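So that the names make sense, note that chain A is the first sequence line, chain B the second, and so on, each numbered from 1. Source: prediction; values computed, not measured.
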Number of protein chains: 2
Amino acid sequence: MKNISRRTVDRALIYIRTLEHLIKEKRYLVSSKDLALITGISDVQIRKDISSFGKVGRPRIGYKTAELNKTLKGFVLQENVVHVALFGVGHLGTAILRYPAFNEDNIKLVAAFEKDKSKIGKKINGVRVYPVEMAPKIIKRTHADLGIIAVPASHSQEVADIMVLSGLRGIVNFAPASISVPKSVIVKDIDFTIELLSLFCNSQR
Amino acid sequence: MKNISRRTVDRALIYIRTLEHLIKEKRYLVSSKDLALITGISDVQIRKDISSFGKVGRPRIGYKTAELNKTLKGFVLQENVVHVALFGVGHLGTAILRYPAFNEDNIKLVAAFEKDKSKIGKKINGVRVYPVEMAPKIIKRTHADLGIIAVPASHSQEVADIMVLSGLRGIVNFAPASISVPKSVIVKDIDFTIELLSLFCNSQR
DNA sequence: CAATGTGAAACGCTTCACAGCG
DNA sequence: CGCTGTGAAGCGTTTCACATTG
């Protein structure tokens, strides 16, 4: 029930994902050691994370999967559905629109934006594609919280500016270039090239 | 010239990406403060990172972009081309195969693997699609270093097992499920759902 | 005994403060 | 002065060691 760190929240999301899988398999109990084996996170770390949300485990027995899942979700997600706007409907953008896991998991793609006129007006997996100029209006109307940048690096900054202007509070940036935003907006960069090169460098020792 | 941490290597890759952009714009000099403004990383952090590769900057002047880029690349990449194998040629896998930035950046996709027979034998963006059973043979033949998991979570563990068996030393896992591998193999998880939820949780404070 | 829960120690990373240099 | 380079301090996170519990 203490101050919950960013890292703890991120791991909590992994616990939730794991627990939902275990619940589907009709598993009722799980120990921190079991979770450690599945997730690769240390058992002490897991107990420490979980205990920061309250005392829900029982010595000698472990945690009830459903109860623990409910507790964690209550703290980190609070039954919210996250509304997301996508910028860029190229190969990657389309793959994101068709990503199956979003449906179940508290995430709703509310709109997509594109420059290329041949794509505008279409619906992909139920999501309408709009011209970029309409972003501020549509984002406000749909109450989008977060945005995804899936446009080429050469246009990522101008898209980021529109996102900030539209009131989005967080950005996942798939473009291989840094973007500048006010520090009230959180950015998570995912550059496929850097992820691979990082892995390679770190596997070389 | 000291012990270079994992975090420093990751940031070095960002510096390299930024420097190559600056070099393309014919910029010859850059200060740590300039780089800080572009990347969002603090100027002290940047100087500390760079100095761990040697003294290449000049007080009052800054760093020569081309020289710094060469130094960083020399340490972290050593002119290697990273050979990557892709598992899963669905929407995401196809987007990865068509990802434009790989061509320039020391990364070569050497093979793709699929279960679905209708996709096998095709070439996408110059990369041949093979049946999964051929993975160990093809991976050895092509000297692949790393693998990407872009299959559904329900098959991610069996694919991971094949990757380990084939001798891959690092895995980027896009499936929304944890995988178990020997600790000699490094895993980088990228779960779109978790990235978005994490961003949302952390933007709520 | 086999599990959770937790203060304290250890560790790694970032920031501070400032020396050095042209 | 304006920049790099760096030892030391500060901070956050993980691990250790162990008390606690049914």
Just to confirm, is there a sub-4.0 Å distance from OP1 or OP2 of [N] to any side-chain nitrogen or oxygen of [X]?
| X | N | value |
| --- | --- | --- |
| B:Ser51 | D:dT4 | no |
| B:Ser31 | D:dC3 | no |
| B:Ser5 | C:dG12 | no |

Exercise: do B:Ser198 and B:Asn202 side chains pair donor with acceptor under 3.5 Å: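 Distance-only check passes for B:Ser198 and B:Asn202.
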Any side-chain donor near an acceptor of the partner, B:Arg17 and A:Ser178, under 3.5 Å: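 Checked: B:Arg17/A:Ser178 side chains pair up, N/O donor to acceptor below 3.5 Å.
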is_close_aromatic(B:Phe192, A:Phe174), centroid dist under 6.0 Å: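 They qualify: ring centres under 6.0 Å apart.
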Carboxylate-amine/guanidinium contact B:Arg11 B:Asp49, below 4.0 Å: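 Yes, this pair counts.
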Sugar-phosphate, base or nothing in reach of A:Lys48, heavy atoms under 4.0 Å: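 Touches a base.
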Heavy-atom side-chain contact between A:Tyr63 and A:Arg47 under 4.5 Å: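 Counting from C-beta outward, A:Tyr63 and A:Arg47 do come under 4.5 Å.
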Can you check the [X] [atom1] to [N] [atom2] distance for me, whole Å?
| X | N | atom1 | atom2 | answer |
| --- | --- | --- | --- | --- |
| A:Asp49 | C:dT6 | CG | P | 13 Å |
| A:Ile46 | C:dT4 | CD1 | P | 9 Å |
| B:Gln45 | D:dG10 | CD | P | 18 Å |
| B:Arg7 | C:dG12 | CZ | P | 12 Å |
| B:Lys33 | D:dC1 | NZ | C1' | 13 Å |
| B:Arg6 | D:dT13 | CZ | P | 18 Å |
| B:Asp43 | C:dC16 | CG | C1' | 12 Å |
| B:Phe53 | D:dG5 | CZ | P | 13 Å |

5'-most by nearest nucleotide on DNA chain D - B:Arg58 or A:Ser42: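 The residue closer to the strand's 5' end, by nearest nucleotide, is B:Arg58.
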Report the nucleotide, chosen from [options], that has the shortest atom-to-atom distance to any side-chain atom of [X].
| X | options | value |
| --- | --- | --- |
| A:Tyr63 | D:dT4, C:dG5, C:dT15 | C:dG5 |
| B:Ser32 | D:dT4, C:dG7, C:dT4 | D:dT4 |
| A:Arg60 | C:dG5, D:dG5, C:dA2 | C:dA2 |

First encountered from the 5' end of DNA chain C, between B:Arg47 and B:Arg11: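 Looking at DNA chain C, the more 5' nearest nucleotide goes with B:Arg11.
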